Amino acid sequence: MPNPIATPPADEHTLLERAQALAGYTLAELAARANLPLPANLKCDKGWIGVLLERFLGASAGSKPEQDFPDIGVELKTIPIDDRGRPLETTFVSVAPLTGNSGVTWESSHVRHKLARVLWIPVEGLREIPLGERHIGTPLIWSPSPEEEELLRRDWEELMDLIVLGKVESITARHGEVLQLRPKGANSKALTQAIGEFGQPIMTLPRGFYLKKTFTGPLLARHFHL
DNA sequence: ATTTGATCATCT
DNA sequence: AGATGATCAAAT
């Protein structure tokens, strides 16, 4: 039975071993070991699983704007899956910058940086399974293939072009093949500054980049030969 | 207000 | 049923 670890992993292999040691355990078992109360459901605690697993992997706690494991350049993503290993939700990547984007490129983007190296941890997510009975799956260390990065780059450039051109409010989640832009805020009243259609400052919903399931599904399937 | 962790729940 | 737009909590 693994224990929470406060120390960041010295290298990627150590991180992967820590993650592999969690596979097969239920959320109730890990919550008890971490002395974290198990919520009845995730309705009012949507990021609970991510925070729980961070404690066992030695991620720098808190909400700092950087990778989970900056020393080794790895980002942690838990991903809810159904009984056939397919993703149940899109995957949040990062907040979209709506101003100050003159000269930003894919190469220097937060999206590319965050997705450069990802530790994926699948977790049973079907709502009919009580939260405490859901099992941790086998982890996967991943970097985008050249083909995957090209897909991501094209979507990112399309979406950023619209943002820079003041068309952020015309963007819907249907834009993009594998990467989409959707609201990412406390609620529909939280606003942030952006560029309007005439180049003027406007207030609009904060947005985030999300990976579509059509991207993460095959990514997991390929690894687990589903 | 913003970024972290994401999933909820309504609509199509 | 699945996806889109909306939402929740903690840390900073």
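Just so it is clear: chains get the letters A, B, ... in the order the sequence lines come, proteins before strands, and each one is counted from 1. Because the structure is a prediction, the values reported are computed rather than measured.
- In this model, the phosphate group of C:dT7 is approached by a side-chain N or O of A:S188 to a distance below 4.0 Å at OP1 or OP2.
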Please tabulate, for side-chain N and O atoms in residues 195-204 of chain A, each donor-acceptor pair with protein atoms closer than 3.5 Å (sequence neighbours left out).
unit_1, atom_1, unit_2, atom_2, d
A:Q200, OE1, A:F198, N, 2.9
A:T204, OG1, A:E169, OE2, 2.9
A:T204, OG1, A:R207, NH2, 2.8

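- With hydrogens and angles ignored, no donor-acceptor pair under 3.5 angstrom links the side chain of A:K64 to the base of C:dT12.
- Of the side-chain N and O atoms in A:K189, none sit less than 4.0 angstrom from OP1 or OP2 of C:dA6.
- Taking for each of A:V95 and A:P183 the nucleotide of DNA chain B with the nearest heavy atom, the 5'-most of the two is the partner of A:V95.
- At B:dA6, one or more side-chain N or O atoms of A:T78 fall inside 4.0 Å of OP1 or OP2 (strictly under the cut-off).
- Comparing the axis of the opening five pairs of the helix from B:dA1-C:dT12 to B:dT12-C:dA1 with that of the closing five pairs yields an angle of 30°, rounded to 10°.
- Taking only side-chain nitrogens and oxygens, A:K184 never comes nearer than 4.0 Å to OP1 or OP2 of B:dT4.
- Checking C:dT4, C:dA9, B:dT2 against the side-chain heavy atoms of A:T192 singles out B:dT2 as nearest.
- Among the atoms of the strands shown, base atoms are found under 4.0 Å from some heavy atom of A:G185.
- Remark: A:K43 is in phosphate contact with B:dA9, judged by side-chain N or O atoms under 4.0 Å from OP1 or OP2.
- Among the atoms of the strands shown, none is found under 4.0 Å from any heavy atom of A:P206.
- Among C:dA6, B:dC8, B:dA6, the nucleotide with an atom closest to any side-chain atom of A:L205 is C:dA6.
- Of the candidates B:dT4, C:dT4, C:dG2, C:dT4 carries the atom nearest the A:R182 side chain, counting heavy atoms from C-beta on.
- In this structure, of B:dT4, C:dT4, B:dC8, it is B:dC8 that holds the atom nearest to the side chain of A:R127.
- A heavy-atom distance below 4.5 Å is not found between the side chains of A:K114 and A:S109.
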